[in-house]
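Written below as structure tokens is the structure these notes are about.
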There are 4 protein chains.
Amino acid sequence: MARMKDESKRATILQSSKMLFSHKGFYNTSVSDIVKETGLPVGTIYTYFRSKDEIIQDIVKEGWEEFYVRLERALRETPSPEERLRLLIDEFIPELLGDLDFINILLSEALSYTRIEEKIEKITDLVFKLLTSLAPDSLGLAGLARRDIEALLAIFFIGILNAVKLARTSSIDMSTEDILGAVKKVIRNSLRIAL
Amino acid sequence: MARMKDESKRATILQSSKMLFSHKGFYNTSVSDIVKETGLPVGTIYTYFRSKDEIIQDIVKEGWEEFYVRLERALRETPSPEERLRLLIDEFIPELLGDLDFINILLSEALSYTRIEEKIEKITDLVFKLLTSLAPDSLGLAGLARRDIEALLAIFFIGILNAVKLARTSSIDMSTEDILGAVKKVIRNSLRIAL
Amino acid sequence: MARMKDESKRATILQSSKMLFSHKGFYNTSVSDIVKETGLPVGTIYTYFRSKDEIIQDIVKEGWEEFYVRLERALRETPSPEERLRLLIDEFIPELLGDLDFINILLSEALSYTRIEEKIEKITDLVFKLLTSLAPDSLGLAGLARRDIEALLAIFFIGILNAVKLARTSSIDMSTEDILGAVKKVIRNSLRIAL
Amino acid sequence: MARMKDESKRATILQSSKMLFSHKGFYNTSVSDIVKETGLPVGTIYTYFRSKDEIIQDIVKEGWEEFYVRLERALRETPSPEERLRLLIDEFIPELLGDLDFINILLSEALSYTRIEEKIEKITDLVFKLLTSLAPDSLGLAGLARRDIEALLAIFFIGILNAVKLARTSSIDMSTEDILGAVKKVIRNSLRIAL
DNA sequence: AATGAATGAGTCTTCATTCAT
DNA sequence: TATGAATGAAGACTCATTCAT
């Protein structure tokens, strides 16, 4: 094995910490746990990150940005509203829900580092635009104001993330597929659209 | 003959801890914070609770039981399904959503002490029964299987709790009223029922 | 069951504490362990004993006095030196060695409460007198001065107690009978006396 | 590159703790006593030892090993049995008995950390071999079986340690020299050997 | 006299971060 | 730059004893 490149050390720290924060929780993971997991010296951790806090912040920030940027671009590059919805529902959402470690961290303790409200606002905006481009009338018919829709989107988004977390973390009898399936049906029914 | 255990001291500890856990988080609240807040000596904390863990467990357990028992009784004693739904939506849910400290703790770090999946299962069951008693047909017509409904109820319940938390805790532009209003509209639309 | 007489409460405390101190050690036994074991309230412990220290002191003091007084009387009342030696070796020593809890406490941590040097001096004196009454010549012949004999008696006495403790407490391959048997042979050889 | 673990700090901790454990007892010595005695910060104690327990274990282990290894080697390298006995009695035993702190710890509370039965077994074996190489016949003549001799050696070894401890720790009228002198005479008499 | 809640100094240990090497 | 020993405030919890009832 050749000497690791620096960027790869940073990635190692991020990856090991993500796993540890997800499994043990942020406060129950010590910097020395990260040291053990990565095999790197403590000092090295601190040449890449200013603090333990910064590690979780960067995990969330980079994980989210990577996801969000791709999502935004894909939507921008897809002209058909129906196709955009399909992309969101069949590709991006399942991908997000597949990364349980990321969800765990996003919803974890240390929410102050996680800034989940920003993510919700962004996703909510984005989906709101998608919906209005898709089916302005049926939404109006349902008697839902913009505020209502935004609230519902927020509830849905964070509800889905939490439900997936619980489905896979607790003994509750529910799978990610159940969740995704139910959501799809609701969307189809609400929008009278075949997915 | 000796001093009797003082229920009011126990309540003080529970109440102060609830506030602290909610505001600062469980792991960022030290037993000595509780000591300062209550004005009681450390030893006294430990004559009423075996550990810091037990405090959060009891906050959740007692808060939930008190709520759930009343809810169950009220539903049992209310013959009309429509009235039962009204009770749930106009009385119990707003009451639960009004106790932000309790929500914060329920959703907090230390989920292992919180056992939120149990609460979700119970509420989900209860609401599922209520829905089927209310509008078996329209639910069937919507093409939703039992599994779907259960998943959606879970998403809704935990989504609402989280949304309220975010609405009041973060800078997001959304109020508890927005959330409750939107939820009511969805229910009305879904069930074709006036609330 | 009738109400316990007071003296019997004191005895209960002494007996439970003896067992606990022996099994768990003095410093690893808390007053609350004694409370649990006896079933008596803490306050009661402190109406019979001024402190935890006093409990171990009284266990040792009373256990020793009871033993020593009987031993002294028996020796006083037995005219024949040979018979006195037999009494010591066949009755009193085995009895003492049979009470492992007492030995454990006598040799325990908290030696300052135990005052074992007093016991050694007393036993040493007593046995020294017995020996000189028995076989003044052979002892002289062995070239042992009084100081030597006293030292040897001390070594023997405390060595035997410790050996028995280890024999029964550790995995060492040695029994109380081995110890007693060996000691008897030494005495017989040294004094040229049949036992 | 970074500071290297400082063997002298470790030695300081061991030495100060040995003194403290010997004088005040293991359970009556707090880690903060060690901090005061060494002048080192608490954290540093824990970079050299995992726990307070480990400190006493290492004191005993290293003290014993150092002694036992030298003893074994010296005996191995000494061809004459008489000279081996002299070495043991005139050099090693006095040396061991001279380290009162070590004896105190070896016999202390916390016997579980001390594992004195192992030491007794080893010393007993070693001396047993020495004795049989020295005077197989006279031992046989004395009518002592192997089991007897082993028991006596154990009694003697631990008896001597305890006697020395008491001689120097309590007000008892006995000195280390008395003890050693008496033991020598017994050996000389038993084995009919001039020392 | 009997009781057991109250007390708070003290226990051992951890841990994020720094900084000498 | 890389390293990992050093640091000490802070952590949760204990416990012998007291004293209000």
Side-chain angles (χ1 to χ4, degrees), chain A residues 3-4 6 9 26-36 39-55, chain B residues 1-10 26-35 38-55, chain C residues 3-4 6 9 26-36 39-56, chain D residues 1-10 26-35 39-55:
Chain A
R3 191 146 41 110
M4 267 180 164
D6 286 356
K9 274 188 197 164
F26 179 70
Y27 291 110
N28 286 321
T29 300
S30 67
V31 173
S32 109
D33 288 334
I34 299 173
V35 164
K36 274 171 219 141
L40 295 169
V42 215
T44 298
I45 308 284
Y46 281 85
T47 85
Y48 289 92
F49 299 91
R50 252 194 294 276
S51 66
K52 188 184 160 191
D53 296 355
E54 204 182 71
I55 298 178
Chain B
M1 312 275 175
R3 267 164 287 188
M4 286 293 95
K5 247 181 195 160
D6 186 343
E7 198 50 38
S8 87
K9 271 186 197 159
R10 188 173 182 281
F26 180 71
Y27 291 112
N28 284 321
T29 300
S30 68
V31 172
S32 101
D33 289 335
I34 299 174
V35 163
T38 57
L40 295 169
V42 215
T44 296
I45 307 289
Y46 283 88
T47 95
Y48 289 90
F49 299 91
R50 258 195 289 274
S51 65
K52 189 186 159 192
D53 296 356
E54 205 183 69
I55 299 178
Chain C
R3 189 146 41 109
M4 271 180 161
D6 287 356
K9 274 188 196 162
F26 179 70
Y27 291 110
N28 285 321
T29 300
S30 67
V31 173
S32 108
D33 289 334
I34 300 174
V35 164
K36 274 171 218 140
L40 295 169
V42 215
T44 298
I45 309 284
Y46 281 85
T47 84
Y48 289 94
F49 299 91
R50 251 195 294 275
S51 67
K52 188 184 161 193
D53 296 355
E54 204 181 70
I55 298 178
I56 197 175
Chain D
M1 312 278 177
R3 266 163 288 187
M4 287 292 95
K5 246 180 197 164
D6 187 342
E7 198 49 39
S8 86
K9 270 185 199 160
R10 187 173 184 280
F26 179 71
Y27 291 112
N28 284 320
T29 301
S30 68
V31 172
S32 101
D33 289 334
I34 299 174
V35 163
L40 295 168
V42 216
T44 297
I45 306 289
Y46 283 88
T47 94
Y48 289 90
F49 299 91
R50 258 193 290 274
S51 66
K52 188 186 161 193
D53 294 357
E54 204 182 67
I55 299 179

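Convention: sequence-line order gives letters A, B, ...; per-chain numbering from 1. A quick note: this is a predicted structure, and the numbers were derived from the prediction, not measured.
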Atom pair distance, as rounded to whole Å: [atom1] in [X] and [atom2] in [N]:
{"X": "D:Ile45", "N": "E:dT11", "atom1": "CD1", "atom2": "P", "result": "14 Å"}
{"X": "A:Glu54", "N": "E:dT17", "atom1": "CD", "atom2": "C1'", "result": "13 Å"}
{"X": "A:Tyr46", "N": "F:dT1", "atom1": "OH", "atom2": "C1'", "result": "18 Å"}
{"X": "A:Asn28", "N": "E:dA16", "atom1": "CG", "atom2": "P", "result": "11 Å"}
{"X": "D:Met4", "N": "F:dA2", "atom1": "CE", "atom2": "P", "result": "16 Å"}
{"X": "C:Ile34", "N": "F:dC15", "atom1": "CD1", "atom2": "C1'", "result": "12 Å"}
{"X": "D:Asp6", "N": "F:dT3", "atom1": "CG", "atom2": "P", "result": "21 Å"}
{"X": "C:Arg50", "N": "F:dT18", "atom1": "CZ", "atom2": "P", "result": "11 Å"}

**Request:** Determine: side-chain N/O of D:Tyr48 to OP1/OP2 of F:dA6, distance under 4.0 Å, yes or no.
**Result:** yes
**Prompt:** Which heavy-atom pair separates A:Arg50 from A:Glu54 by the least distance, and what is that distance?
**Reply:** N-OE1, 2.9 Å
Once rounded to the nearest 0.5 Å, what's the spacing between atom [atom1] of [X] and atom [atom2] of [Y]?
{"X": "B:Asp33", "Y": "B:Asn28", "atom1": "CG", "atom2": "CG", "result": "9.0 Å"}
{"X": "A:Thr29", "Y": "A:Tyr27", "atom1": "OG1", "atom2": "OH", "result": "11.5 Å"}
{"X": "C:Ile56", "Y": "C:Phe49", "atom1": "CD1", "atom2": "CZ", "result": "12.0 Å"}
{"X": "B:Lys5", "Y": "B:Glu7", "atom1": "NZ", "atom2": "CD", "result": "9.5 Å"}

**Item:** 5′-ward residue of the pair C:Val31/D:Lys5 relative to DNA chain F
**Value:** D:Lys5
Atom pairs under 3.5 Å, N or O on each side, protein against nucleotides 7-10 of chain E: can you list them with distances?
| residue | atom | partner | partner atom | Å |
| --- | --- | --- | --- | --- |
| E:dT7 | OP2 | B:Thr44 | OG1 | 2.9 |
| E:dG8 | N7 | B:Gly43 | N | 3.2 |

**Prompt:** Using Watson-Crick and G-U wobble pairs with both distances under 3.5 Å, what is the 5'-to-3' dot-bracket string of DNA chain E, with [ ] for crossing pairs and | for pairs outside the strand?
**Reply:** .||||||||||||||||||||
**Prompt:** Can B:Tyr48 and B:Asp6 be said to form a side chain to side chain contact (heavy atoms under 4.5 Å, CB included), step by step?
**Reply:** CA-CA 9 Å; B:Tyr48 289 90; B:Asp6 186 343; 3.4 Å; yes
**Asked** Is there side-chain contact between B:Ile55 and B:Ile45, with at least one heavy-atom pair below 4.5 Å?
**Response** yes
